[in-house]
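First comes the structure, then the notes that go with it.
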Amino acid sequence: MVKIAQILVAAGTGARFRGDTPKQYSALGGKTVLRRTLDNLQDALPQTRAFVIVHADGDEWLKSALDGFDGAIITVPGGATRCLSVRAGMATLEDLEPDYVFIHDAARPFVNAGVMAELTETLSTKQAAVPVLPVVDAVKEFKGEELGADLARGEMRRVQTPQAFRYPDIWPFYRSMDERADYADDIAVARKAGLSIGTVDGDERTFKITFPEDLDKARRLLGRNTYIATGAGFDVHRIEPGSSLWLCGVEIKAGFSLKGHSDADVGLHALADAIYGALAEGDIGDHFPPTDPKWKGTESYVFLSHAKERVLARGGQLQHIDVTLICEKPKVKPHRQAMRERISSLLELPINRVSVKATTTEKLGFTGRGEGIAAQASATIELTDEG
Ligand code: MG
């Protein structure tokens with residue numbers, strides 16, 4: 001039986017995708033994209049002897065993404081270009097001496113087992129094999145801002161991964177490759193090396209997750225339902241003697257302070273709780289127990305940043321937030337824009353999706369008597385069913 005190895009290229013840190021998480025680590029139906037791709041590759045070719053994951057240097061997500069995977073895994077940091085990354089991956093296979101090596105993008109989770117079988121079959125007569133798709137739309141030259149001549153789309157194909165190679169034929173070429181060489185993909189390397197190349201029909205579902213909307217498309221393909229969750233938060237802090245207080249991340253010299261275990265920013269507390277509420281992940285007290293002395297004096301942006309990280313970890317997208325501060329004083333209006341800007345920056349949410357407003361209680365109740373300040377908030381988040 002032929003010995004097969006598969007290389008998964010996951011070295012891209014990419015342009016900013018959603019927050020700071022590289023796209024291969026975005027959540028896709030309860031797994032990271034990378035893990036879903038890996039599991040699908042294993043299902044498609046269960047006889048694979050080893051999987052090589054070529055990752056970015058300093059990758060802090062990989063370990064947990066691979067947790068519990070039961071195949072043989074080799075991990076190796078990639079290089080400056082895709083070519084050099086693939087070369088680093090292939091170098092780890094010298095001892096295994098596989099007959100075939102499949103090279104696949106980590107950001108293409110929907111692997112088609114039928115396509116993989118055809119690639120394998122093709123390698124019995126060719127040195128390399130690649131899935132291709134027709135070009136459906138008209139294709140034109142584009143120079144600067146100007147449309148140019150029509151290109152003959154009938155003579156064109158789109159090229160996907162996995163791309164498959166006879167390892168003993170492709171590896172020597174990668175090993176001796178110039179450090180500065182840059183090829184669009186691995187089949188371009190095979191072509192340059194003069195290998196014989198066969199093509200098989202690709203699968204539109206094996207698209208590459210490139211933009212945030214591609215992740216939504218992937219979730220729809222999985223049959224995952226997207227929904228809008230709204231969370232509510234409420235908080236109160238007692239007024240005490242002092243010189244200034246924090247409200248929605250802005251320090252106000254009010255001639256008094258708010259009492260609290262942290263910096264007592266009642267606005268950010270209500271807002272963090274609203275986000276936790278939309279996620280159904282408890283409240284600030286669960287994540288930062290007030291009984292734990294290490295949170296004493298914590299600046300409240302820490303809570304809000306944690307709540308934002310939880311949204312990203314759930315694959316969610318904050319849509320809108322609204323905070324209402326309830327007090328007779330200080331006057332909120334002069335600080336409102338600064339508050340919106342601070343929250344917008346902390347949550348990486350456009351400022352037109354950040355509302356801060358204020359009201360009094362007509363001198364009634366504890367806020368009316370100036371004994372405390374209350375805040376309520378709502379957070380609207382787009383989420384996807386997991387599982
Ligand atoms: Mg509080």
Side-chain angles (χ1 to χ4, degrees), residues 229-311 313-314 318 320-333 335-336 338-349 354-361 364-381:
T230 304
F234 179 77
D235 196 28
V236 171
H237 280 262
R238 182 186 291 276
I239 286 175
E240 67 175 8
S243 59
S244 67
L245 75 165
W246 288 87
L247 280 180
C248 291
V250 173
E251 189 175 24
I252 300 175
K253 309 270 181 224
F256 59 89
S257 293
L258 288 176
K259 182 178 166 63
H261 189 68
S262 64
D263 65 5
D265 189 328
V266 65
L268 291 192
H269 292 185
L271 179 51
D273 266 356
I275 295 172
Y276 292 131
L279 298 174
E281 292 193 9
D283 56 38
I284 285 187
D286 295 321
H287 299 283
F288 301 92
T291 47
D292 189 336
K294 83 173 164 196
W295 306 120
K296 187 163 171 52
T298 302
E299 294 176 69
S300 296
Y301 73 84
V302 172
F303 307 145
L304 195 62
S305 298
H306 176 264
K308 183 193 85 172
E309 288 307 315
R310 289 305 311 151
V311 174
R314 290 276 297 274
L318 261 171
H320 182 265
I321 68 98
D322 183 22
V323 183
T324 303
L325 298 168
I326 306 165
C327 57
E328 301 291 331
K329 59 179 185 176
K331 286 274 171 264
V332 169
K333 202 168 179 179
H335 307 284
R336 195 161 65 184
M339 291 172 176
R340 293 177 69 209
E341 282 168 9
R342 178 69 176 142
I343 292 168
S344 162
S345 139
L346 285 170
L347 295 178
E348 295 183 274
L349 191 61
V354 175
S355 161
V356 174
K357 55 200 198 302
T359 188
T360 69
T361 49
L364 296 168
F366 69 87
T367 55
R369 292 188 297 270
E371 294 166 8
I373 294 181
Q376 60 185 35
S378 67
T380 307
I381 304 176

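Start at 1 and go down the list; that is how both ligands and their atoms are numbered. Worth saying up front: this structure is predicted, and the values here are computed from it rather than measured. Residues: numbered from 1 along the sequence shown.
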Closest H269 atom to the Mg ion (ligand 1) [N, O or S only]: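 Relative to the Mg ion (ligand 1), the closest nitrogen, oxygen or sulfur of H269 carries the name ND1.
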The Mg ion (ligand 1) - closest N/O/S atom in D235: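 Result: OD2.
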Would you find more than 12 non-hydrogen atoms of other residues, nucleotides or ligands less than 6.0 Å from K357 atom NZ?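 Above 12, so yes.
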Hey, is there an N, O or S on H261 sitting under 2.8 Å from the Mg ion (ligand 1)?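 Checking the Mg ion (ligand 1) against H261, no N, O or S atom falls under 2.8 Å.
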Does the ring of Y301 carry R342 above it, NZ/CZ under 6.0 angstrom from centre and within 45° of its axis?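 Yes, a cation-pi geometry.
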Between the side chains of D263 and S300, does any donor sit under 3.5 Å from an acceptor?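 The criterion, which ignores hydrogens and geometry beyond distance, is satisfied for S300 and D263.
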Have H237 and D235 got a donor and an acceptor in their side chains that come within less than 3.5 Å?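 Note: H237 and D235 side chains meet the donor-acceptor criterion.
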